[in-house]
Amino acid sequence: MKTEQLQIINKDTIKQLIGDNSHEIDSFYQQFLQQAKTSLKKLADYYQQSAFNELRNEAHYLKTSATAVGAERCSYCLQQLEFSSHALDKEQCKTHLQSLSHAIKEVFYALSHQSN
Amino acid sequence: MSKEIEHVERHPKVILLCDKVEDLSGVAELISSQVDAFRTLNHFEEIQKILVDSLPLVIIIAMSNVKRSIELYSKLAKQSLLDYPHENILLCENKESGIAFRCCMKGIFNDYFVYKPMYENYRLRMILNNALVNSKKNNDIKNLTDEHFGHIDADVKQLLDDAAQYQNSTKQKLHSVRSDLAKQQGINEAQTALIDELREKYIAPLLNELESQLNSSVTELIDKLKDKQHSLSHTSELLKQSTAPNHRNLAPPLNEINLEPSQEQPLQKIQSKIMVVEDNDIYRNIIGQILIDEGYHVNCVATGLEAIKILRKEKYDLVFMDLFMPDLDGYNTTRNIRNIPNCKEVPIIALTSNKNKDLIKKWASLGLAAYITKPSTKLSILKAIEKCS
């Protein structure tokens with residue numbers, strides 16, 4: 001599957017979870033962006049240290065919130081990162097980390113554009 | 001870095017990296033007398049090749065100064081050539097021992113050894129031996145034997161042997177005392193079982209009775225409030241009829257009087273206590289918010305250990321449990337919860353993004369009421385709760 005086939009942010013996902021309250025939805029989006037920023041830094045550190053187990057756990061952690069807020073591309077990259085770190089494939093981990101970084105930026109731009 | 005090298009083992013376990021081979025001939029001889037699989041390297045390309053092909057267990061670096069040694073080690077690390085478990089030893093001149101010590105304290109090198117202007121033969125052997133032992137793959141490395149130590153007097157040798165024997169016998173004694181202590185723990189287990197039995201037979205029923213009395217009191221209070229609400233409604237109607245033009249000032253319509261969280265909510269929801277165990281704070285808050293909006297009493301916790309601690313003290317009607325959590329996962333948390341007297345029957349709904357059916361089946365054997373695949377929907381979550389009631 002190509003990440004382009006997935007949505008940057010699927011708003012129906014969070015609506016089906018918590019309803020239409022836009023204030024609440026925005027709050028969860030902001031929380032996700034903040035969490036993604038912190039998590040991405042940790043993922044990069046674990047990658048540098050070749051700490052594959054930690055890399056896998058952190059990817060799984062962020063995947064839960066990415067899936068919940070409907071960040072489909074992020075969620076897909078994190079799933080792939082989980083697989084690569086499980087297989088101890090550093091080269092693939094690097095590729096998926098780069099895709100994840102891009103996917104998070106896409107979410108950020110999509111949400112910024114929405115608020116303007 | 002062009003001098004002819006002396007040791008040409010193809011797959012060395014120990015490598016010595018240097019730029020002036022002639023300065024290290026004594027050290028190299030000493031190492032090779034202790035380790036067969038040893039090689040001295042002074043070409044960068046060759047170092048790269050050996051690191052890739054052989055993954056040597058011990059890397060000894062002895063460039064012309066400490067700065068160059070660190071630079072070489074960093075360069076290799078940046079090329080990801082050192083991404084495997086290994087021991088590293090820094091060799092330096094006496095004048096740089098302070099810097100070498102600092103390198104070791106900062107964890108850059110495992111140990112350092114002063115080889116210029118003079119070196120202590122046995123100290124280097126010891127450092128090398130420790131490095132090989134620490135590398136835990138020293139099966140094909142020669143152990144230190146008497147021949148490595150040179151001549152010593154017979155009485156000193158005897159003294160050393162006696163000391164070694166004494167140390168071994170002390171270790172054995174310690175081991176046997178630990179085993180005895182472990183056996184005695186059986187008594188503690190019996191005591192724990194007795195306490196558990198007491199708790200289950202007497203304390204838990206007492207607590208349950210207290211809780212049930214409390215619940216009855218709350219129900220009674222709510223009924224009284226309802227009666228009051230009814231009489232207010234009746235009075236309001238009467239007032240409306242008698243003073244129609246000013247009725248809003250005298251008595252507001254009943255639907256504006258908020259006596260209960262929601263008129264439509266079943267009473268059971270208000271009393272039900274639900275615990276959410278999920279390490280991801282965003283998803284935990286989302287689930288918590290859904291349940292609070294529905295009128296449940298919700299307690300959200302981030303770890304399995306925290307959940308167990310609370311469940312030992314308080315009774316909950318339902319638990320939402322994540323599978324993958326740090327420290328204690330959902331499966332093991334559930335197993336522990338099932339050992340708490342009041343929680344043997346508490347319904348547990350599994351939250352999982354894992355599609356591993358076997359894992360979920362294993363978990364389900366501990367008594368799962370339902371399982372939800374993340375992120376799920378509000379409807380599915382509420383249906384799962386309904387299924388448990």
Side-chain angles (χ1 to χ4, degrees), chain A residues 10-21 23-36 38-39 42 46-72 74-76 78-79 82-83 86 88-91 93-94, chain B residues 52 55 74 76-86 107 276-294 298 300 302-303 320-330 350-356 359 372-384:
Chain A
N10 183 347
K11 292 184 177 171
D12 289 339
T13 309
I14 197 160
K15 278 183 186 169
Q16 281 171 358
L17 261 174
I18 58 165
D20 282 334
N21 186 330
H23 180 71
E24 251 177 29
I25 291 174
D26 284 346
S27 163
F28 281 120
Y29 282 154
Q30 288 310 314
Q31 285 180 48
F32 170 67
L33 285 174
Q34 192 57 44
Q35 192 182 70
T38 314
S39 209
K42 279 188 191 171
Y46 293 144
Y47 167 80
Q48 288 293 341
Q49 297 159 17
S50 299
F52 291 105
N53 201 30
E54 286 79 359
L55 193 62
R56 186 183 170 205
N57 289 344
E58 188 62 27
H60 181 84
Y61 176 81
L62 187 60
K63 189 182 76 179
T64 298
S65 28
T67 315
V69 299
E72 291 179 351
C74 289
S75 177
Y76 176 76
L78 287 158
Q79 175 75 73
E82 266 192 83
F83 291 150
H86 183 60
L88 311 180
D89 188 337
K90 195 162 182 178
E91 200 54 43
C93 286
K94 188 179 177 182
Chain B
V52 171
L55 305 177
S74 307
L76 295 170
K78 278 177 189 164
Q79 292 183 1
S80 301
L81 293 168
L82 302 172
D83 294 350
Y84 69 94
H86 64 273
V276 180
V277 193
E278 160 70 56
D279 65 321
N280 185 297
D281 45 358
I282 292 179
Y283 193 65
R284 189 172 65 237
N285 291 342
I286 287 176
I287 298 285
Q289 195 56 55
I290 292 170
L291 301 176
I292 289 168
D293 288 348
E294 287 299 307
V298 184
C300 296
T303 67
F320 277 88
M321 175 88 65
D322 181 26
L323 174 58
F324 283 107
M325 289 184 288
D327 300 329
L328 198 64
D329 62 18
L351 299 168
T352 174
S353 54
N354 197 296
K355 294 176 181 72
N356 186 336
L359 193 62
I372 285 173
T373 308
K374 291 180 194 176
S376 192
T377 61
K378 185 176 182 176
L379 196 66
S380 309
I381 291 164
L382 298 179
K383 268 188 180 170

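Both backbone and side-chain heavy atoms feed into the values below; hydrogens, waters and symmetry mates do not. Here is how names work: the chains are called A, B, and so on, in the same order as the sequence lines, proteins then strands, and each is numbered from 1.
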Given heavy-atom pairs under 4.5 angstrom as the criterion, report whether the side chain, backbone, both or neither of [X] touches chain B.
X	answer
A/Lys63	side chain
A/Glu24	side chain
A/Thr67	both

With rounding to the nearest 0.5 Å, note down the distance linking [atom1] in [X] to [atom2] in [Y].
X	Y	atom1	atom2	result
A/Gln31	B/Ile286	CD	CD1	8.0 Å
A/Gln79	B/Ser353	CD	OG	7.5 Å
B/Phe324	A/Arg56	CZ	CZ	6.0 Å
A/Lys15	B/Lys378	NZ	NZ	14.5 Å
A/Lys94	B/Ser80	NZ	OG	8.0 Å
B/Asp322	A/Thr64	CG	OG1	6.0 Å

- Task: For atom NZ of A/Lys42, decide whether the heavy atoms of other residues, nucleotides or ligands shown that lie under 6.0 angstrom number more than 12.
- Result: no
- Task: Check whether B/Asp281 gets within reach of chain A through its side chain, its backbone, both or neither, counting any heavy atom under 4.5 Å.
- Result: both
- Query: What pair of heavy atoms forms the shortest contact from B/Asn285 to A/Phe28, and how long is it?
  - Reply: CB-CE2, 3.8 Å
- Check B/Pro375 against A/Ala68 and note the closest heavy-atom contact, atom names and distance. CB-CA, 3.7 Å
- Taking side chain as C-beta onward, heavy atoms only, is B/Ile381 less than 4.5 Å from A/Leu17? yes
- Query: Is the shortest heavy-atom distance from the side chain of A/Tyr29 to the side chain of B/Ile282 under 4.5 Å?
  - Reply: no
